[in-house]
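Read the structure below first, then the notes.
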Amino acid sequence: MEKTYNPSAIEQQWYQQWEHNNYFAPSGEGTPYSIVIPPPNVTGSLHMGHAFQDTIMDALTRFKRMQGHDTLWQVGTDHAGIATQMLVERKIQAEEGKTRHDLGRDKFLKKVWEWKAESGGTITQQLRRMGASVDWSRERFTMDDGFYTAVQEAFVRLYDDGLIYRGKRLVNWDPKLHTAISDLEVESIDEKGYLWHLRYPLAGGATTDDGKNFLVVATTRPETMLGDAAVAVHPKDERYKHLIGQFIKLPLVGRLIPIIADDYVDQEFGTGCVKITPAHDFNDYTMGQRHDLGMINVFDHDAAIVQVPEVYTTSGEVVAAHEESIPAAYRGLDRFVAREQIVTDLTAAGLLEEIEDHGLKVPRGDRSGLIIEPLLTDQWFVSTKPLAKPAIEAVEDGRIEFVPKQWENTYFSWMRDIQDWCISRQLWWGHRIPAWHDDDGAFYVGRSEAEVRLKHKLGDINLKQDEDVLDTWFSSGLWTFGTLGWPNSTEALAKYHPTDVLVTGFDIIFFWVARMIMMTMHLTKDETGEAQVPFKTVYVHGLVRDQDGEKMSKSKGNVIDPLDLIDGIELDALLEKRTGNMMQPQLAKKIEKQTLKHFPDGIASYGTDALRFTLCSLASTGRDIKLDLGRIEGNRNFCNKIWNATNYVLMNCEAGDCGQTGGEVELSLADRWIRSRLQKAEQKVTESMGVYRFDHAAEALYHFIWSEYCDWYLELSKPVLWDDNATEAQLRGTRRTLVGVLEAVLRLAHPLMPYITEEIWQKLKGLAGKGGASIMLQPYPVADAGLIDETAEVDLNWVRGVIDGVRNIRGEMNIAPGKPIPVLLKQGDTADRQRLNTNSQFLIKLAKLESITWLEEDDEAPLSATSLVGGLEVLVPMAGLIDKDAELGRLNKELGRLLGEIKRLGGKLSNEKFVSKAPAQVIDKERDKLRDAETAANKLQQKVAKIEAI
RNA sequence: AGGACUAUAGCUCAGUUGGUUAGAGCGCAUCGUUGACAUCGAUGAGGUCGGCGAUUCGAAUUCGCCUAGUCCUACCA
């Protein structure tokens with residue numbers, strides 16, 4: 001074996017073998033267990049969040065596979081409508097200087113598919129490097145033909161069930177991307193703005209109480225005044241009560257608009273008068289509905305002022321002959337240019353009362369970053385309330401369970417107040433909406449044009465398919481069953497749906513989890529006709545952040561490619577990766593500086609297993625996961641530790657008989673102890689995996705392997721293996737334990753660290769008497785309660801106690817670690833005596849003793865340094881070895897600790913209330929502790945006195 | 001405005017149903033190269049568990065209030 005573990009030498013080769021031999025495909029035997037991968041963007045690349053998520057899914061999948069389940073991890077990618085379209089648009093712009101409109105829809109889409117073919121392999125390669133045991137034969141893409149069938153079918157069924165409708169509504173419009181987006185895709189950002197106080201002249205000679213001939217309205221968006229339909233006041237507002245029903249002559253425009261009364265108005269805010277623009281504000285829209293105000297749209301799709309405003313009734317009908325118009329000066333101006341112009345003109349007209357600084361939440365598109373414009377457009381919507389009801393119930397009654405549980409509240413609070421979902425997007429890349437319209441604008445929904453014609457007896461009239469595509473999340477909502485063949489009733493669907501667990505981040509509970517539950521429950525039924533849930537458990541993990549707790553993002557330049565942690569990367573390459581090809585080149589300097597600070601030498605190579613193990617060990621219940629390179633390094637060292645332990649085991653066992661073929665076996669205390677500890681480790685790991693505490697599983701493995709198997713058991717095996725007088729049965733027992741425990745723990749660790757465990761297992765399987773082509777197909781260890789040996793554990797703890805005592809004296813007294821020293825044991829009981837008799841070889845070897853002597857009660861001990869193991873005194877004679885003052889210091893330190901404890905326990909036990917109210921066993925325990933502490937303190941005091949006396 | 005989450009060693013984090021000497025890794029200090037491993041070993045230092053109060057015989061753990069930070073939802077003309 002190589003002297004150090006070199007992950008790059010083994011990882012890829014094993015993955016190829018696994019994949020080549022089709023080990024990832026479901027076995028077809030055992031209870032089905034399935035997970036779908038949250039499909040990453042096909043044109044993107046995996047970031048740390050994916051690496052984290054995929055590690056967890058793979059750990060679960062391998063765990064369940066080894067436990068004998070018929071395991072499917074469904075893999076695939078998402079077409080990611082807006083993100084992909086933007087990316088390709090930018091690419092074409094950069095390379096050819098053209099827009100998508102220059103190319104036209106068909107050519108543009110061809111470019112997207114070309115780009116997908118070119119970049120689509122990145123994700124799948126990364127998944128392979130992570131060791132993901134996904135069934136590649138079932139790989140799906142949300143835009144492939146089969147999946148499109150599912151999307152179409154879902155749309156048609158929802159439409160036929162009255163859950164999809166089309167209408168002219170106010171939607172969130174992105175003026176850059178020229179598409180509607182859902183409310184979830186809008187972020188509200190705190191920004192500084194102004195509140196403009198505008199004088200709106202009263203018509204017909206009306207005046208306010210204080211004799212003014214105008215009302216003052218406050219607005220953050222003066223440009224929308226062109227579309228004002230009313231001014232609203234509170235019905236009980238004494239200042240304005242008498243003006244309700246009167247009219248305002250809209251400045252600059254000249255139109256008369258009514259003064260209306262509505263509870264929505266807050267009398268305290270601003271002047272208590274609100275301008276109402278139903279076509280450009282969500283609140284105004286609903287107020288317009290209540291008061292039957294017309295809707296006057298003054299913006300075009302670029303959010304520039306239109307030439308001629310469009311006017312609609314509250315129900316969205318076009319008002320054919322309307323007189324509204326826009327002053328020529330503003331026509332065609334961008335919204336912000338128009339704002340300035342209008343403010344200037346109002347000022348000139350003496351109608352600007354005041355400009356007030358005002359902080360407000362600005363709605364920005366999460367993709368474009370532009371301010372979103374509420375705009376009246378024709379869109380398709382899903383009526384979500386009826387879908388939400390069963391979806392809420394499924395979580396309430398536990399058919400679906402969130403882990404950690406608290407996320408259910410997040411889910412409920414959103415679902416109980418859910419808004420209709422705008423699913424149409426004015427994009428080119430995506431699933432074309434399966435709806436056709438005739439020349440009069442009547443829409444027909446169906447699976448194909450032919451079906452539509454037939455169904456509606458349309459003959460051969462002109463039909464055109466809707467130009468729009470569906471929100472990406474509409475298709476990903478079908479992911480769990482669409483990937484399994486739905487709408488066909490396939491065997492896979494019957495077997496693997498509902499899936500067992502969804503592993504995802506909390507940031508997409510609304511986007512994806514909730515919608516998936518709604519869609520799935522409406523569209524899929526089990527054999528009894530009951531709605532089927534998409535998954536039984538939702539494991540919600542935290543988000544991976546950088547060393548400062550910042551979210552990783554490309555624009556911040558703090559992303560880390562998982563492959564760079566696996567393979568390592570030079571500083572120059574890392575800098576280039578982070579600052580090259582940036583959207584905002586002005587940030588390059590800052591990013592460079594940060595990168596230099598955090599990664600002055602680039603990133604070392606840690607290997608996949610170290611990365612995976614680290615990610616698992618960070619997977620606790622928190623919301624943030626700060627990536628700490630120190631942890632990864634530590635875990636790379638852990639891999640190396642396993643590697644070298646194996647080296648030791650092989651060296652000592654390959655030449656000898658490990659009992660594979662039988663033969664008499666005698667187990668030492670150490671053998672029985674480590675076997676017992678193994679059972680407990682198996683219990684702990686299995687239990688932790690079952691409750692999604694990967695951090696606990698990782699910690700149990702780390703502790704068992706490093707602190708018990710390596711630190712103690714391997715050391716304890718040496719006195720046996722190197723003992724010329726050891727019997728064949730003893731040697732066989734120890735060798736068999738060395739090999740057997742290591743073999744078992746490799747299987748135990750395999751779900752977290754697949755590569756190193758496979759590599760080593762292959763070397764070890766023969767010695768362990770195991771066959772089988774791969775560790776990943778081996779059974780997962782099951783703890784055997786019969787092998788738990790509490791006596792062995794107590795006895796071994798005694799051995800460790802004596803050794804620790806000697807080592808402590810050595811360490812504190814500056815006795816060279818290699819110098820053999822004599823040790824005396826005194827005041828021991830029969831159990832101590834017996835333990836000494838059976839284990840003296842262990843003590844001599846591990847504590848590097850020259851001799852070990854048992855003193856009877858009345859034997860005189862020389863002046864010694866002392867350690868206590870229970871009642872037993874472990875004595876190291878001081879002659880020539882130990883500094884008197886140092887020993888006094890050491891003893892007094894320990895004595896101080898004991899006295900503190902005695903005081904604390906004494907106080908507790910003399911507390912009447914404690915003694916009368918606490919459970920008996922607690923009291924007994926405290927009494928024992930007190931007695932032990934007193935005995936120990938006593939002994940130490942005597943020692944102190946003795947040493948002081950010289 | 002409502003809600004959620006976080007606060008434990010210098011750093012990153014564990015801490016089950018209240019009873020532990022409050023743990024781990026990294027970092028730090030001292031010592032250590034003949035037999036798996038310096039990507040290592042041995043020993044050690046380091047915490048009034050954010051603050052205040054309550055419940056209790058007993059609180060890192062339960063409850064209330066406060067402070068700091070993060071996030072979500074709604075809304076601010």
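Protein chains get the first letters and strands the later ones, always in sequence-line order, with residue 1 at the start of each. Keep in mind that the numbers below use all heavy atoms, side chains included, and drop hydrogens, waters and symmetry copies.
In summary, K845(A) and E715(A) do not engage in a salt bridge, as defined by a charged side-chain N under 4.0 Å from a carboxylate O. A salt bridge is absent between D357(A) and K192(A); no separation between the charged side-chain nitrogens and carboxylate oxygens falls under 4.0 Å. Ion pair R890(A)/E812(A) not flagged as a salt bridge, since none of the NZ, NE, NH1 or NH2 atoms sits closer than 4.0 Å to an Asp/Glu carboxylate oxygen. The existence of a salt bridge linking R931(A) and D928(A) is confirmed by a sub-4.0 Å separation between a basic side-chain nitrogen and an acidic carboxylate oxygen. Salt bridge annotation for E901(A)-K929(A): absent, with no cationic side-chain nitrogen under 4.0 angstrom from a carboxylate oxygen. Using a 4.0 Å cut-off between charged nitrogen and carboxylate oxygen, E373(A) and R221(A) count as a salt-bridge pair.
Between rG41(B), rU43(B), rG19(B), one nucleotide has an atom nearer to the side chain of N808(A) than all others, and that is rU43(B). Side-chain proximity of N640(A) to the nucleotides rU39(B), rU43(B), rG25(B) is greatest for rU39(B). Closest contact between the side chain of K3(A) and the listed nucleotides rA38(B), rU73(B), rA45(B) involves rA38(B). In this structure, of rU21(B), rU12(B), rG32(B), it is rU21(B) that holds the atom nearest to the side chain of E901(A). Which of rA45(B), rU39(B), rA36(B) sits closest to the side chain of T4(A) comes down to rU39(B). Considering only side-chain atoms of E699(A), the nucleotide from rU43(B), rC57(B), rA24(B) that sits closest is rA24(B). When distances are taken from the side chain of D804(A) to each of rU12(B), rU43(B), rU20(B), the shortest belongs to rU43(B). Among the nucleotides rU73(B), rC37(B), rG25(B), the one closest to any side-chain atom of F510(A) is rU73(B).
The base-pairing partner of rG10(B), taking Watson-Crick or G-U wobble contacts with both distances under 3.5 Å, is rC26(B).
Between the side-chain ring of Y702(A) and the base of rA24(B), no stacking contact exists by the 5.5 Å and 30° definition.
At the heavy-atom level, K718(A) lies under 4.0 Å from base atoms of the strands shown. I276(A) comes within contact range of no nucleotide atom at all, as no heavy-atom separation falls under 4.0 Å. No contact: K551(A) has no heavy atom under 4.0 Å from any strand. Q406(A) comes within contact range of the sugar-phosphate backbone alone, with a heavy-atom separation under 4.0 Å but no base atom that close. Contact annotation for C639(A): no contact, since no heavy-atom pair falls under 4.0 Å across all strands. If you check every strand for non-hydrogen atoms under 4.0 Å, W706(A) touches sugar and phosphate atoms only. Backbone-only contact: H696(A) has heavy atoms under 4.0 Å from sugar-phosphate atoms and none from a base.
Protein atom CG of D190(A) is 13 Å distant from nucleotide atom C1' of rA74(B), rounded to whole Å. The distance between atom CD of E715(A) and atom P of rG35(B), rounded to the nearest whole Å, is 11 Å. Rounded to whole Å, atom C1' of rU12(B) lies 14 Å from atom NE2 of H598(A). Whole-Å rounding puts the R904(A) CZ to rC57(B) P distance at 19 Å. In this structure, K641(A) atom NZ and rA38(B) atom P are separated by 10 Å, rounded to whole Å. Spacing between atom NZ of K845(A) and atom P of rG35(B) amounts to 10 Å, rounded to whole angstrom units. Across the protein-nucleic acid pair, F638(A) atom CZ and rA36(B) atom C1' stand 15 Å apart, rounded to whole Å. One atom, CZ of R636(A), and another, P of rC37(B), lie 17 Å apart when rounded to the nearest Å.
Donor-acceptor pairing under 3.5 Å, judged by distance alone, is present between the side chain of R623(A) and the base of rU70(B). In this model, no side-chain donor or acceptor of E812(A) finds a partner on the base of rA42(B) within 3.5 Å.
For D420(A) (side chain) and T384(A) (main-chain N/O), a donor-acceptor pair under 3.5 Å exists by modelled atom type. A donor-acceptor pair is defined here as one N or O able to donate and one able to accept, closer than 3.5 Å; such a pair exists between the side chain of Y709(A) and the backbone of L738(A). Counting only distance, with no hydrogens or angles, the side chain of R545(A) and the backbone of I625(A) share no donor-acceptor pair below 3.5 Å.
rU39(B) and rG25(B) have their C1' atoms separated by 14 Å, with the value rounded to a whole Å. Here the separation of rA24(B) from rU67(B), taken at their C1' atoms, is 29 Å to the nearest Å. Rounded to a whole angstrom, the distance from the C1' atom of rU12(B) to that of rA7(B) is 14 Å. Spacing between rU17(B) and rA9(B) at atom C1', rounded to whole Å, works out to 27 Å. For the C1' atoms, the distance linking rU55(B) with rC28(B) amounts to 41 Å, nearest Å. rG27(B) and rC66(B) have their C1' atoms separated by 34 Å, given to the nearest Å. Only the C1' atoms considered, rU56(B) is 36 Å distant from rC11(B), to the nearest whole Å. Nucleotides rG47(B) and rG23(B) place their C1' atoms 11 Å apart, quoted to the nearest Å.
Screening Y606(A), W643(A), Y702(A) against F638(A) for a ring-ring contact (aromatic ring centres under 6.0 Å, His included) leaves a single residue, Y702(A).
Projected onto RNA chain B by closest heavy-atom contact, P919(A) and R221(A) fall at different nucleotides, the more 5' of which corresponds to P919(A). Of the two residues contacting RNA chain B, namely R631(A) and R897(A), the nearest-nucleotide position lying further toward the 5' end is that of R631(A).
Heavy-atom distances under 4.0 Å link RNA chain B to Y264(A), V265(A), D266(A) of residues 258-268 of chain A, given in residue order.
When side chains are defined from C-beta on, L198(A) does not count as touching V216(A), because their heavy atoms never get closer than 4.5 Å.
An OP1 or OP2 oxygen of rC40(B) is reached within less than 4.0 angstrom by a side-chain nitrogen or oxygen of N637(A). Between S620(A) and the phosphate of rA14(B), there is a side-chain N or O to OP1/OP2 separation shorter than 4.0 Å.
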